[in-house]
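Have a look at the structure below before the remarks.
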Amino acid sequence: MTNLTRVVHTMQCNHAEGGSACVNQGAGHTMQSIQRAVVAATPSKWADAIVRHATSDGWIAIDLLDGVINDGTVTDDALNGGGTVWLWNHEDLTATVTPGQPVALHTLYNALAVGSARVSVFKL
């Protein structure tokens with residue numbers, strides 16, 4: 001499966017009949033309890049960021065503060081800043097994720113911390 005095919009497949013949501021709940025599992029869809037557990041158990045993998053942009057179709061751009069993501073790790077890059085990372089979630093998060101807002105990205109398990117909330121994201 002090519003990268004583009006995988007991205008398009010991941011971004012397709014199947015909503016339950018008569019409701020708005022997404023029945024898909026995986027990055028960018030409803031956060032599962034196991035994902036909540038593993039992000040809570042690995043606090044060293046969170047990277048601080050600031051929201052740059054959020055769209056109603058689920059795209060979120062964040063600017064990492066202290067480093068760049070490289071295979072699930074955060075590396076220091078003080079001279080160049082942290083870099084911009086694009087994320088996707090199946091819901092419109094523009095009411096809760098706003099430009100300039102501090103957030104944290106779990107670099108290993110595809111989660112975004114927005115205050116005390118945890119959101120599953122697909123990292124592009």
Side-chain angles (χ1 to χ4, degrees):
M1 188 180 282
T2 67
N3 285 343
L4 182 57
T5 303
R6 187 178 58 166
V7 169
V8 171
H9 177 72
T10 298
M11 293 173 56
Q12 295 173 344
C13 289
N14 296 318
H15 295 282
E17 291 288 326
S20 62
C22 179
V23 296
N24 288 10
Q25 295 182 7
H29 298 282
T30 303
M31 184 171 277
Q32 304 297 307
S33 58
I34 188 69
Q35 186 180 13
R36 288 184 198 284
V38 294
V39 299
T42 51
S44 66
K45 296 299 182 179
W46 288 104
D48 293 331
I50 300 292
V51 175
R52 174 185 286 239
H53 184 73
T55 66
S56 61
D57 59 350
W59 288 103
I60 304 165
I62 61 171
D63 291 330
L64 295 175
L65 298 181
D66 295 328
V68 294
I69 296 174
N70 183 11
D71 297 330
T73 61
V74 178
T75 59
D76 292 329
D77 191 0
L79 294 176
N80 297 320
T84 301
V85 176
W86 281 93
L87 310 169
W88 177 83
N89 181 275
H90 68 131
E91 294 183 18
D92 175 0
L93 298 176
T94 55
T96 56
V97 179
T98 57
Q101 179 179 21
V103 294
L105 175 66
H106 197 283
T107 61
L108 191 58
Y109 293 121
N110 298 315
L112 186 68
V114 183
S116 62
R118 301 295 178 263
V119 178
S120 177
V121 291
F122 179 81
K123 184 174 43 178
L124 195 57

Exercise. Do the side chains of Arg52 and Trp86 get nearer than 4.5 Å, heavy atoms only?
Worked result: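 Result no, sub-4.5 Å side-chain heavy-atom pair not found.
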
Nearest 0.5 angstrom please: [X] [atom1] to [Y] [atom2], how far?
X: Leu112; Y: Ile62; atom1: CG; atom2: CD1; answer: 6.0 Å
X: Ile60; Y: Leu124; atom1: CD1; atom2: CG; answer: 12.5 Å
X: His53; Y: Thr84; atom1: NE2; atom2: OG1; answer: 12.0 Å

For this session: Taking atom CZ of Arg118 as the centre, report whether more than 12 heavy atoms of other residues, nucleotides or ligands fall under 6.0 Å from it.
Result: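 Count over threshold, so yes.
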
For this session: Indicate the atoms forming the closest heavy-atom contact of Lys123 with Val85, along with that distance.
Result: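 Scanning both residues, the minimum pair turns out to be CG-CG1, 3.9 Å.
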
Exercise. Looking only at heavy atoms, which two atoms of Thr107 and Ala47 are closest? And how far apart?
Worked result: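 For Thr107 versus Ala47, the nearest heavy atoms are CG2-CB, 3.9 Å.
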
Without placing hydrogens or testing angles, list every side-chain donor-acceptor pair under 3.5 Å for residues 93-106, not counting sequence neighbours.
| unit_1 | atom_1 | unit_2 | atom_2 | d |
| --- | --- | --- | --- | --- |
| Thr94 | OG1 | Asp92 | OD1 | 2.6 |
| Thr96 | OG1 | Leu93 | O | 3.2 |
| Gln101 | OE1 | Thr98 | N | 2.9 |
| Gln101 | NE2 | Thr96 | O | 3.3 |
| His106 | ND1 | Leu108 | N | 3.3 |
| His106 | ND1 | Tyr109 | N | 3.0 |
| His106 | NE2 | Thr42 | O | 3.1 |
| His106 | NE2 | Thr42 | OG1 | 2.7 |

